[in-house]
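Heads up: the structure comes next, in structure tokens.
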Protein chains: 2
Amino acid sequence: MSDAYYLRLTDRLRELLSDPHACEEGRLPAERTLAERFRTTRVTLRQALAQLEGEGRIHRSNRRGWFVSPARLDYDPTRDAGFNDYVRAQGRRPRTEVLLTDTRPYPTAAEALGLPADQPFCHIRRRRFVDDRAVLAESLWVVPERAPGLLEGDYASHSLWGQLRSRWGLSLTHRSLRLYSEALPEREAAELGVAAGTAGLSVRRTIFDERRRPVEYDEEHWLHDALCITVELDGKA
Amino acid sequence: MSDAYYLRLTDRLRELLSDPHACEEGRLPAERTLAERFRTTRVTLRQALAQLEGEGRIHRSNRRGWFVSPARLDYDPTRDAGFNDYVRAQGRRPRTEVLLTDTRPYPTAAEALGLPADQPFCHIRRRRFVDDRAVLAESLWVVPERAPGLLEGDYASHSLWGQLRSRWGLSLTHRSLRLYSEALPEREAAELGVAAGTAGLSVRRTIFDERRRPVEYDEEHWLHDALCITVELDGKA
DNA sequence: CAGTGGTCTAGACCACCCA
DNA sequence: GGGTGGTCTAGACCACTGT
């Protein structure tokens, strides 16, 4: 079955991607142009493009066109190195936008943390960029008693976990992580400027301190081609 | 844009999925049947099906049809609980097929473990099933000096990590994990009986013992809708 | 063999982005 | 307003699965 035309197309498109002259500014030629060049229809061409999108080689932005995807970002969700720090450490340019902050209950977070459903949280929702590409939409839910005055601080430019340690003396001892591939929900897709249903990666973290008091719960939605999760462990499993 | 017909179709199909009478044996009606029922073309209907596939709700098998996807398997790659054990613990039926074993060099594993490129490894390649659905194709590369006679043992039915501990007294102290979403390569797709380019999750692990001697490297390729990765951490990051 | 999904054609109109 | 991707139609033939 590897004689399907759209699969041979992906091979030729891969060559095209590695040719720096063919894609100026990392942008691919228009679908109609490519379809004509490869003597096929837009439907078949788009099948090939979708394949490369699944491989993480290209992505689309709104209705603007197809672009070559940059290298994945290495990300260790078990550490609290700030987003800004580790993005810069990889030679990339980070940016963060706070979309909203408020204080209200969130039953999902409450359940994960073992709290009553009407427990209010300090909620921060933000969108994060790497080299001006929005790659992550996330919400954080912090137990207010653990970090009084959190929302008045500068929670955007510094590592939140770092602040929890330094300002409130918390130790983030027990960390539980769940992650799986998903189709980005409508809201997150809109915030990231991609079509609903675009492939994504969902990461949820639940944090307790050394006395097993609930501290924080968060939900991250990443573009699937934007990151490579890494975890380093020392000690017995 | 949520007024696209294929998106409304996904809503109606989701209802259909939750109706146990509509899909006998977890199998969906034929595409032509569904297209007719929803008064659209196969192309549009398939767009809706692809959306649900991305959400992990349905999957296809060869050219046999579309099936409702079962619940995701919880999997903690940092632990050495055997596949058989944790699959059964979740009320599912595990099965493993060994596809091949041999001893030969593998530069990728050698590099990950910091060994010379011509370092030979004990190599085990296998395919694993949950409830008779092939969900994982993996290769393991063990440093022969750490586990002499490994390939003569019963490496299929017992936890490999458990054996490394009990038979060879190894402690798997330093574990490094890398994972990212991918399009399944041709070989793995064929072994899992799905189309090349189906969405998958790649997991790579590199293991050193307490003296930082290299022990093992493995590469896993999972169907993207088959699992939810979980990690539990205690102690300082 | 009949039925299934897999692939492909040759058009069309629409919604949105940018100059 | 021109160009882009997003969506959709109404067909067709092929390759494979199961009987």
Side-chain angles (χ1 to χ4, degrees), chain A residues 1-13 23-54 58-68 132 134 183-184 186 189-190 192-199, chain B residues 1-13 23-54 58-68 134 183-184 186 189-190 192-198:
Chain A
M1 287 304 293
S2 74
D3 51 345
Y5 188 55
Y6 82 93
L7 288 177
R8 275 179 292 149
L9 254 186
T10 61
D11 294 334
R12 298 176 66 181
L13 287 169
C23 322
E24 55 173 310
E25 310 261 337
R27 180 176 187 160
L28 274 72
E31 291 181 358
R32 288 169 178 82
T33 307
L34 289 171
E36 193 177 1
R37 181 185 309 177
F38 294 116
R39 299 178 189 288
T40 183
T41 57
R42 268 182 75 206
V43 176
T44 301
L45 176 86
R46 279 170 63 85
Q47 206 171 352
L49 291 173
Q51 182 82 9
L52 295 171
E53 186 183 32
I58 61 175
H59 64 273
R60 48 188 129 180
S61 171
N62 283 325
R63 288 157 192 273
R64 300 194 302 116
W66 292 89
F67 298 84
V68 179
D132 286 323
L184 289 175
E186 215 161 317
L192 298 178
V194 299
T198 299
Chain B
M1 288 303 295
S2 73
D3 51 345
Y5 188 54
Y6 82 93
L7 287 177
R8 274 180 291 148
L9 255 186
T10 61
D11 294 333
R12 299 178 65 182
L13 287 169
C23 319
E24 54 174 310
E25 310 262 336
R27 180 176 188 161
L28 274 72
E31 292 181 359
R32 288 169 178 82
T33 308
L34 290 171
E36 191 177 4
R37 180 185 310 178
F38 294 116
R39 300 180 189 287
T40 182
T41 57
R42 270 182 75 207
V43 176
T44 300
L45 176 85
R46 280 169 65 84
Q47 206 172 352
L49 292 173
Q51 182 81 10
L52 295 171
E53 186 183 34
I58 61 175
H59 64 274
R60 49 188 129 180
S61 171
N62 284 326
R63 288 157 193 274
R64 300 197 300 117
W66 292 89
F67 299 83
V68 180
L184 290 175
E186 214 162 316
L192 298 178
V194 299
T198 299

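Below, chain A is the first sequence line, B the second, and so on; all start at residue 1.
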Checklist line | Rounded distance in Å - CZ (R63(B)) to P (dG5(C)) | finding: 11 Å
Margin query: Expressed as a whole number of angstroms, how long is the span from Y5(A):OH to dC14(D):P?
Written below: 19 Å
Note to self: Whole angstroms only, please: what is the CZ-C1' distance between R42(A) and dG5(D)?
What the structure shows: 6 Å
Note to self: Please report the distance, rounded to the nearest Å, between CG in L45(B) and P in dG11(D).
What the structure shows: 17 Å
Note to self: What is the separation between atom CZ on R64(B) and atom P on dT19(D), rounded to the nearest whole Å?
What the structure shows: 10 Å
Notebook entry, point to check: Between G197(A) and A183(A), what is the shortest heavy-atom contact and its length?
Noted result: O-CB, 3.7 Å
Note to self: Just N and O in the side chain of T40(B): are any of them under 4.0 Å from OP1 or OP2 of dT9(D)?
What the structure shows: yes
Margin query: Can you tell me how far apart CZ (R37(B)) and CZ (R12(B)) are? Round to the nearest 0.5 Å.
Written below: 9.5 Å
Notebook entry, point to check: What residue among L13(B), I58(B), L7(B) forms side-chain contact (heavy atoms from CB on, under 4.5 Å) with Q51(B)?
Noted result: L7(B)
Margin query: Can you measure E53(A) atom CD to dG6(D) atom C1' for me and round it to whole angstrom units?
Written below: 13 Å
Checklist line | Heavy-atom pair of closest approach, residues L184(B) and L192(B) | finding: CD1-CD1, 4.1 Å
Checklist line | Along DNA chain D (nearest heavy atom to each residue), the more 5'-positioned of T41(B) and T33(A) | finding: T33(A)
Check: Taking for each residue the nucleotide of DNA chain C with the nearest heavy atom, is it S61(B) or R39(A) whose nucleotide lies nearer the 5' end?
Finding: S61(B)
Item checked: Closest-nucleotide ordering on DNA chain D, the 5'-leading residue of V43(A) and W66(A) -> W66(A)
Note to self: Which nucleotide wins on minimum distance to the side chain of T44(A), given the candidates dC8(D), dG5(C), dC8(C)?
What the structure shows: dC8(C)
Next item on the list: Answer whether the closest heavy-atom distance between the side chains of Q47(A) and Y5(A) falls below 4.5 Å.
Entry: no
Notebook entry, point to check: What's the CZ-C1' distance between R60(B) and dT17(D), to the nearest Å?
Noted result: 16 Å
Margin query: For a quick check of understanding: with a heavy-atom distance under 4.0 Å over all strands, which category does R32(B) fall into, base, sugar-phosphate or nothing?
Written below: base
Notebook entry, point to check: dT7(C) C1' sits how many Å from Q47(B) CD, rounded?
Noted result: 16 Å
